[in-house]
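Remarks on the structure that follows.
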Amino acid sequence: MELTDKVIVVTGAARGIGRALARRFVVDHPKAVVVADLDGDGAQTVGQEIGGKSVQCDVSRETDIVRLVQEVEDIHGRIDIFCSNAGIGVGGGPEAVDDYWQRIWQVNVMAHVYVARHVLPGMLARKEGYLVGTVSAAGLLNHMFAAPYGVTKAAALSFFEWLAIAHGDSGIRVSCLCPQGVKTDMLAQELSQLRIDFLGAGALEPEVVADAVVKGIADERFLILPHPEVADYFHRKADDYDRWLRGMRRLRQNLLDSAY
Ligand code: NAP
C-alpha cells in the first residue's frame, strides 16, 4: 500500500519506534499522521514537529481507543493505516507479580484487540485498511529473561495472524513488525535492569526500523524483519524445536555467566 493521501494513526508515538514511524510516514505525503501516546505532552511535541494531530491515549483502556478512533474518523472520515505500536516490557518468570502480568497483558495484547474491534468496522465497510502491529522478535523466538514479554508478544503475533486469516480476503492488510534490539528508552531500561547485554550489539536505530516498516507496507508483507537473521532463527526453531530449545538454554547460561 502507498502512503500518499492515507490517514495514519501511530500509538506509542511520543518516543522510540513510534516517533520514528510518525516522522518517516510524513515524508511520503499522507493525508494525516495522528500521534497518540500515554504521554500527552510528548505526543503533542511530536505532533507539532510533523504537523499532525496528537491525542493523549492509554491504549490499555478500551474507552481511550474508542475516543481516539472516533476523533480521527470525525476529522478525516476514515483511518487507512493503524500502527498499534505502544508496548511495555516486564521481566522475570512466574514470580513476576500479578499486577505486572495484568498490565503487560492489557498493553501488549488487549490494546491490539481494542484497536481491531473499533477500527475494523470502518475498514471492512470500505473493503480496505491496514493494521500494523509492533510485536517483537520475542513473539517468534521468546525472550530468555522475560516471560511476561515473550508470552504477550507471542499472543499479539497470534492475534494479528488471526486477523490476516479472517479478513485478508476482505481487503484488510496486516503486518507485524518483529525487530530484535532497537535503540530506544525501552532497550536502555532493559539493559540497565538485566545487566546482561545480549541485544545491544546488533541494535538498530529506530529510523532504520521505520524505513523497514514503510517497505513492508509497500510490499504488503505480513512479517517485517529489520534484523534478517530473525528469519533464520525462526526457520531453525520450526525445523528442530528441541535442538532450538537446547541452543536457547546454552545461550541463556552463557549470558548469565558473563553478566556484569
Ligand atoms: P519506548 O521508547 O519505551 O516507547 C514506547 C512509547 O509507548 C512511549 O512513548 C510510551 O509512553 C508509550 N506507551 C507505553 N505504554 C502505553 C500505553 N498504555 N498507551 C499509550 N502509549 C504507551 O519503546 P520502543 O522501544 O519504541 O517500543 C515500541 C514498541 O516496539 C513496543 O511495542 C515494544 O515492545 C516494541 N519493540 C521494541 C524493541 C526494542 O529493542 N526497543 C524490540 C522489539 C520490539 P511513556 O514513555 O509515557 O510510558
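Start at 1 and go down the list; that is how both ligands and their atoms are numbered.
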With sequence neighbours excluded, what pairs up with H118 under the ring-ring contact (aromatic ring centres under 6.0 Å, His included) test? none
Residues passing the side chain to side chain contact (heavy atoms under 4.5 Å, CB included) test with L157, sequence neighbours excluded, are V135, L140, E161, C176, C178, F222, L223
Interatomic distance, Q253 atom CD to D257 atom CG [nearest 0.5 angstrom]: 4.5 Å
So the salt bridge (Lys or Arg N to Asp or Glu O under 4.0 Å) pairs with at least one residue in residues 73-95 (sequence neighbours excluded) are R78-D80
Does either side chain, that of R103 or that of S60, offer a donor lying less than 3.5 Å from an acceptor on the other one? yes
For the residue pair W162 and F159, categorise the inter-ring angle as parallel (less than 30°), tilted (30 to 60°) or perpendicular (more than 60°). parallel
So which protein residues pack against ligand 1 under 4.0 Å, heavy atoms counted? G12, A14, R15, G16, I17, D37, L38, D39, C57, D58, V59, N85, A86, G87, I88, R103, V107, T134, V135, S136, Y149, K153, P179, Q180, G181, V182, T184, D185, M186, L187
